[in-house]
Amino acid sequence: MTGAIWNLLLGLAWVLLSGDFTGLNLLVGMVFGYIALVLIEPQVSALKGYPARIPLIIRFLGFFMKELVQANLRVAFDIVTPPWHMQPGVIAMPLSARTEMEITMVANLISLTPGTLSLDVSDDRKVLYIHAMFLDDEEELRRNLKEMEHRALELFR
């Protein structure tokens, strides 16, 4: 978290010093700040592991955007075509997430994806109950949701 704050501060410093107050200039400043943080990481212990997280975040965002587009297209197709293909149901997915923040992140990512909704977490925090609009292949759905959980947890560990 310290690395992200420093990266944002370096980006803001870039914007202030250049005098160009645009989002694109802030992004450029953050890229240069990231490069500076990569270079000084070996000397600053608070930055350990920060440079490796940015590629993970970018990869996760690409993965999630792909999943989001696919889910939107599937739901839209089902709504537009007269005979509905949905087979709604509830599944129980074992969680690899352990902390409150990890469980919340996974549950919210699942709820953000059209066609799925996180319903509840078991009392022992080991199972997430999910309502799915398309439950024609339960194992494939569970596999896709576990992949999303795995990629999200990579960001925290």
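No hydrogens, no waters, no symmetry mates; every other heavy atom, side chains included, goes into these values.
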Who passes side-chain contact (heavy atoms from CB on, under 4.5 Å) against [X], sequence neighbours left out?
| X | value |
| --- | --- |
| Ala13 | none |
| Leu68 | Phe64, Met65, Asn72, Pro114 |
| Leu73 | Val69 |
| Glu139 | Asp137, Arg142, Arg143 |

Side chain to side chain, Leu128 and Glu149, heavy atoms closer than 4.5 Å: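 Contact flag for Leu128/Glu149 side chains = no.
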Residue pair Arg74 / Phe134, side-chain heavy-atom distance below 4.5 Å: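 They are in side-chain contact.
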First locate atom [atom1] of [X], then atom [atom2] of [Y], and finally report the distance between them rounded to the nearest 0.5 Å.
| X | Y | atom1 | atom2 | value |
| --- | --- | --- | --- | --- |
| Lys126 | Arg98 | NZ | CZ | 6.0 Å |
| Asn7 | Leu12 | CG | CG | 10.0 Å |
| Arg151 | Leu109 | CZ | CG | 12.5 Å |
| Met93 | Leu145 | CE | CG | 5.5 Å |
| Glu100 | Arg125 | CD | CZ | 4.0 Å |
| Glu67 | Asn144 | CD | CG | 5.5 Å |

Transitively linked via ILVMFWY side-chain contacts under 4.5 Å: [X] with [Y]?
| X | Y | result |
| --- | --- | --- |
| Met86 | Leu141 | no |
| Leu39 | Met30 | no |
| Leu8 | Val15 | yes |
| Ile35 | Trp6 | no |
| Ile110 | Tyr129 | no |

Sidechain-backbone polar pair: Asp20 side chain, Asn25 backbone, donor-acceptor under 3.5 Å: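 Answer holds: no.
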For [X] and [Y], which heavy atoms make the closest approach, and how far apart are they?
| X | Y | result |
| --- | --- | --- |
| Leu47 | Gly3 | CD2-CA, 3.6 Å |
| Pro51 | Glu41 | CG-OE1, 3.5 Å |
| Ser111 | Leu117 | OG-CD1, 3.8 Å |
| Leu153 | Ala97 | CD1-N, 3.7 Å |
| Ile54 | Tyr50 | CD1-OH, 3.5 Å |
| Met148 | Phe63 | CA-CE2, 3.8 Å |

Residues that Ser96 engages under side chain to side chain donor-acceptor pair (under 3.5 Å), provided they are two or more places apart: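 Ser96 satisfies side chain to side chain donor-acceptor pair (under 3.5 Å) with Lys146 only.
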Heavy atoms of other groups near Asp124 CG, more than 12 under 6.0 Å: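 Above 12, so yes.
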Pairs where residues 11-42 contributes a residue and the test ring-ring contact (aromatic ring centres under 6.0 Å, His included) is met, not counting sequence neighbours: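 Listed once each, the pairs are Trp14-Phe32.
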